Amino acid sequence: MAYFGDFQRFADEEFSTVPEKVVTRFAPSPTGYLHVGGARTALFNWLWARRSGGTFILRIEDTDLKRNTPTAMRQVMQDLRWLGIEWDEGPEVGGPNGPYLQSERLDFYNRYARQLLDAGQAYYCFETSEELDVMRAQAEAQKKGFIYPRPERFPSERDVEKARAEGRPVTVRFALPMEKPLVVNDLIRGRISFHPAELGGDFIILKSDGFPTYNFACVVDDYHMQITYVIRGQEHLMNTPGQKALWEALFPGSPTPHYTHMSVTVSDTGGKLSKRERPQTLRAAIEKVPDVDIEKLAEVGGITAGVLRSFLRGETTPDIPAIEAMANHLGVRLPEINIVDFFRSGYLPETMVNFLALLGWNPGDQREIMAVDELVRSFDLMRLTKSNSLFDRKKLLAFNTEHLRIEPPQKVLQHCKAYLREVGSPVQQADDATLARIIKLCEGARTFEDIERKSTFVFVDDRQIEFEEKAVQKVLFKDHGLEILGQVRQKLAALDPLTEQGIEEMLRGLAEERQVGLGKVAQPLRVALCGTTISLPIFDSVSLLGRERTLRRIDLTLERFGAQGQAP
RNA sequence: GGCCCCAUCGUCUAGGUAGGUCUAGGACACCGGGUUUUCAACCCGGCAACAGGGGUUCAAAUCCCCUUGGGGCUACCA
């Protein structure tokens, strides 16, 4: 099942050997949760591998000791699995080309660095970061691009010992061939040519802590893992010529993978889709609160008032749980950025996969709502869009509405249970049959959050119902709401047995009797049962609660608001 | 600043590689109407785009150039 796409337009020496097998990889650096951009990159790589019967590899790029967090890798894997993106090789599943954590592959990098050093294609450097900063600043002052000055004679091993003895950092730089232009053949952008001098000159491949840099590790691993297609974000386009040069030095004669640089996804809340959006939204929200109680808010977030003030000044950012706790406390909705955010907001993974796939790709016909297997069948790298796209949450919502409608009920039920557990909803108490019934009643719901909100009244104590002021004023205190509720109570008490049909006939009869619409008799009852004007269909609401609880709630409502008199 | 990428309705996009069939199609959003026991959903209708300027050509959304605009990179981050 090899791919026979249009390679003619790139038919030159570089593409003369089109690899039979498709091997792609997703190579995140484990710095936090998987976010939308990363998920899209993973998805495209996965789809391409699946579409052509190839292999999808997960590789963890944990070469930055300062940034990697211990739990991040697990979170990323969990999020990928939630989306249904399973890897054929990688952490936890193994594979013939492991290990799949770069931090466990140091031997490879050292060996190749040694090879380059011995061949005179790389050399040692001893500058500190500060010294390099000064050099860059000088170049900038002269309005010139900074190019690292390659020494006339490369430092020897003895120089290295000396530098170490002096406590200087030791790094290794790749001597970038400067004579010919570096050409990248991007599958969707075509031929792009770079002048080596404009790339910034010789770049570091081994850091002073002994770890490889991204550009180095990436080349070594892509070769050893036999990656045939590199599909990544546009932000890597400028890295590619350097990586190609490195590849040619390391593996001469061996074809590089095909490169594809995807467009960037930008946020509909303005600017680049970034993890910073959530704290920024919270900060803006706090600033709008008139007399914000800093002490209290800090306590909610589990941080000190000092930290909170510094956050408000834009100096620091508290951790994710603190941000979420404070937002929750203030009732602020933070924009979803990470994949888990969408899970917690009640989206289906099928929606995310479908929507993400359409960000920068389309099947070429008018289909939009597609199942995963359909995406796999239709996916084609050559159909990637070149321009950046905006992440439109409203369209995502419409997609979720549709998927909630078309996915198999069993699947929806399972996802719904996971959601309810995650948010700690009282609706968790529902048994499968009841929950399935509730989901069915919520046909047209946009997210699990909608379903939860509409049905939670069934699972709380009769006395725990919180009455929404607006609902009380509008429904109970107007149009004889309380009076009608009293009548409803009497008729309901007389109903035996209590069936949905009976309830419906009774309510319709009463509406007719009073010469009003059904809404006028249904709404007071609804408010009595759940405290708001939004709930499951009223007949089902009553039947779900049962006679006893329904009557008790009506009585409690009458007791509580009856004394406050009737508005005209 | 330098280098690189990109440019069709408000948004995602089809059409562009083989110029005429494009009075530019679809979806989301929006507006109007309908349905209705709440919210949502649903049904019908409507608004709405080839960034600007030069070429090439009988003919340009489509090919070329310039301008403008947006984005990316310019680390001992990935």
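Letters A, B, ... are given to chains in the order of the sequence lines, protein chains preceding strands, and every chain is numbered from 1. Predicted model only: the values in this text are computed from it and were never measured.
- Picking from rC77(B), rG72(B), rC39(B) the nucleotide with the shortest atom distance to the side chain of Met238(A) gives rG72(B).
- Nucleic acid contact class of Ile538(A) (heavy atoms, under 4.0 Å, all strands): base.
- Heavy atoms of Thr533(A) sit under 4.0 angstrom from at least one base atom.
- Looking at heavy-atom distances under 4.0 Å, Phe539(A) makes contact with a base.
- A straight line from CD1 of Ile204(A) to C1' of rA75(B) spans 8 Å, rounded to a whole angstrom.
- rG52(B) and rC58(B): their P atoms are spaced 24 Å apart (whole Å).
- The residue Lys454(A) sits close to a base: some heavy atom pair falls under 4.0 Å.
- Asp64(A) comes within 4.0 angstrom of the backbone, heavy atoms only, and of no base.
- Atoms CZ and CG, from Arg446(A) and Asn400(A) in turn, are 9.0 Å apart once rounded to the nearest 0.5 Å.
- Listed candidates were rC76(B), rU38(B), rC4(B). Nearest to the side chain of Pro169(A) is rC76(B).
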**OP:** Spell out protein contact along nucleotides 22-36 of chain B as letters: B when the base is contacted, S when just the sugar-phosphate is, - when no protein heavy atom is under 4.0 Å; keep the 5' to 3' order.
**Re:** ---BBBSS-------
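- Residues Ile465(A) and Val460(A) form a side-chain contact, since some pair of their non-hydrogen atoms from C-beta on lies under 4.5 Å apart.
- Nucleic acid contact class of Gly360(A) (heavy atoms, under 4.0 Å, all strands): sugar-phosphate only.
- Comparing the P positions of rC9(B) and rA24(B) gives a spacing of 14 Å, expressed to the nearest Å.
- The gap from the C1' atom of rA51(B) to that of rC73(B) amounts to 25 Å, rounded to the nearest Å.
- For the C1' atom pair drawn from rC28(B) and rA48(B), the interatomic distance equals 13 Å after rounding to whole Å.
- Taking atom CD on Gln243(A) and atom C1' on rA78(B), their separation rounds to 10 Å, with Å as the unit.
- Ion pairing of Asp380(A) with Arg383(A) is absent here, as no side-chain N (NZ or NE/NH1/NH2) approaches a carboxylate O to less than 4.0 Å.
- Using modelled atom types and a 3.5 Å distance limit, the side chains of Tyr229(A) and Asp222(A) yield no donor-acceptor pair.
- Close to rA75(B), at under 4.0 Å from its OP1 or OP2, lies no side-chain N or O of Arg173(A).
- For rC76(B) and rU11(B), the P atoms lie 38 Å apart once the distance is rounded to whole Å.
- Pairing of rG32(B), defined by two Watson-Crick or G-U wobble distances under 3.5 Å, is identified with rC44(B).
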Subject >> Test log, rule ring pair (Phe, Tyr, Trp, His ring centres under 6.0 Å), inputs Tyr214(A) and His236(A) >> reply: CA-CA 11 Å; Tyr214(A) 165 73; His236(A) 291 295; 5.1 Å; yes
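- Within 4.0 Å (heavy atoms only), Glu443(A) reaches at least one base atom of the nucleic acid.
- Residue His236(A) is in base contact, counting any heavy-atom pair closer than 4.0 Å across all strands shown.
- Using a 4.0 Å heavy-atom cutoff across all strands shown, Asn239(A) reaches at least one base atom of the nucleic acid.
- Set against rC76(B), rA78(B), rG71(B), the side chain of Arg67(A) has rA78(B) as its closest nucleotide.
- Here the nucleotide nearest the side chain of Ser129(A), chosen from rA14(B), rC76(B), rC3(B), is rC76(B).
- Residue order along RNA chain B, read from the 5' end via each residue's closest nucleotide, puts Gly145(A) first among Gly145(A) and Leu206(A).
- Phosphate proximity of rA78(B) to Thr63(A): present, with a side-chain N or O under 4.0 Å from OP1 or OP2.
- Using a 4.5 Å heavy-atom cutoff, the side chains of Trp87(A) and Leu80(A) are in contact.
- Nucleotides rC63(B) and rA7(B), compared at atom P, are 10 Å apart to the nearest Å.
- Look at rU57(B): it lacks any Watson-Crick or wobble partner with both distances under 3.5 angstrom.
- With a cut-off of 3.5 Å on both Watson-Crick or G-U wobble distances, the partner of rC3(B) is given as rG72(B).
- Taking the C1' atoms as reference points, rA27(B) lies 15 Å from rA49(B), given to the whole Å.
- Taking atom P on both rG46(B) and rG25(B), the two are 12 Å apart, rounded to the nearest angstrom.
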Are there any protein N/O atoms within less than 3.5 Å of an N/O atom in nucleotides 42-51 of chain B, and if so, which ones and at what distance?
from: rC42(B); atom 1: OP1; to: Arg405(A); atom 2: NH2; distance (Å): 3.4

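- Ser543(A) and Arg437(A) are linked by a side-chain donor-acceptor pair at a separation below 3.5 angstrom, with hydrogens and angles left out of the test.
- Residue-level contact check: Glu127(A) touches the bases, meaning some heavy atom is under 4.0 Å from a base atom.
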Original post:
Between Phe203(A) and Tyr148(A), does a ring pair (Phe, Tyr, Trp, His ring centres under 6.0 Å) hold up when you go through it step by step?
Top reply: CA-CA 8 Å; Phe203(A) 54 90; Tyr148(A) 184 82; over 10 Å; no
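- Ion pairing between a basic and an acidic side chain is recognised when a charged N comes within 4.0 Å of a carboxylate O; Lys395(A) and Asp392(A) show no such pairing.
- Ser208(A) contributes a side-chain N or O that forms a donor-acceptor pair with the base of rC76(B) under 3.5 Å.
- No hydrogens or angles were tested; on distance alone, a donor-acceptor pair under 3.5 Å links the side chain of Arg526(A) to the base of rU37(B).
- Nearest to the side-chain atoms of Leu390(A) among the listed nucleotides rC12(B), rU38(B), rC76(B) stands rC12(B).
- OP1 and OP2 of rU38(B) both lie 4.0 Å or more from every side-chain N or O belonging to Lys470(A).
- Looking at Leu510(A) and Arg514(A), their side chains come closer than 4.5 Å, going by heavy atoms from C-beta outward.
- Residue-level contact check: Arg136(A) touches the backbone only, with heavy atoms under 4.0 Å from sugar-phosphate atoms and none from bases.
- Side-chain proximity of Tyr214(A) to rC76(B), rA78(B), rG72(B): nearest is rA78(B).
- OP1 and OP2 of rG71(B) both lie 4.0 Å or more from every side-chain N or O belonging to Lys386(A).
- Under the Watson-Crick or G-U wobble criterion, with both distances below 3.5 Å, rG16(B) is left unpaired in every strand shown.
- Atom CG of Leu529(A) and atom OG1 of Thr557(A) lie 7.5 Å apart (nearest 0.5 Å).
- Note on Asn388(A): every side-chain N or O is 4.0 Å or more away from OP1 and OP2 of rG70(B).
- For rC39(B), there is no paired nucleotide, since no Watson-Crick or G-U wobble pair has both relevant distances below 3.5 Å.
- Both the sub-6.0 Å distance and the 45° axial angle are not jointly satisfied by Arg150(A) relative to the ring of Tyr123(A).
- In summary, Arg168(A) and Glu127(A) do not engage in a salt bridge, as defined by a charged side-chain N under 4.0 Å from a carboxylate O.
- Across the interface with RNA chain B, nearest-nucleotide mapping of Ser389(A) and Glu235(A) shows Ser389(A) to be the residue nearer the 5′ end.
- Between the CG atom of Asn362(A) and the C1' atom of rU8(B) there is a distance of 14 Å, rounded to whole Å.
- Both cation-pi conditions hold for Arg40(A) and Phe44(A): the charged atom is under 6.0 angstrom from the six-membered ring centre and inside a 45 degree cone around its axis.
- The side chain of Arg383(A) places an N or O atom within less than 4.0 Å of a non-bridging phosphate oxygen (OP1 or OP2) of rG15(B).
- Within 4.0 Å (heavy atoms only), Gly519(A) reaches sugar-phosphate atoms of the nucleic acid but no base atom.
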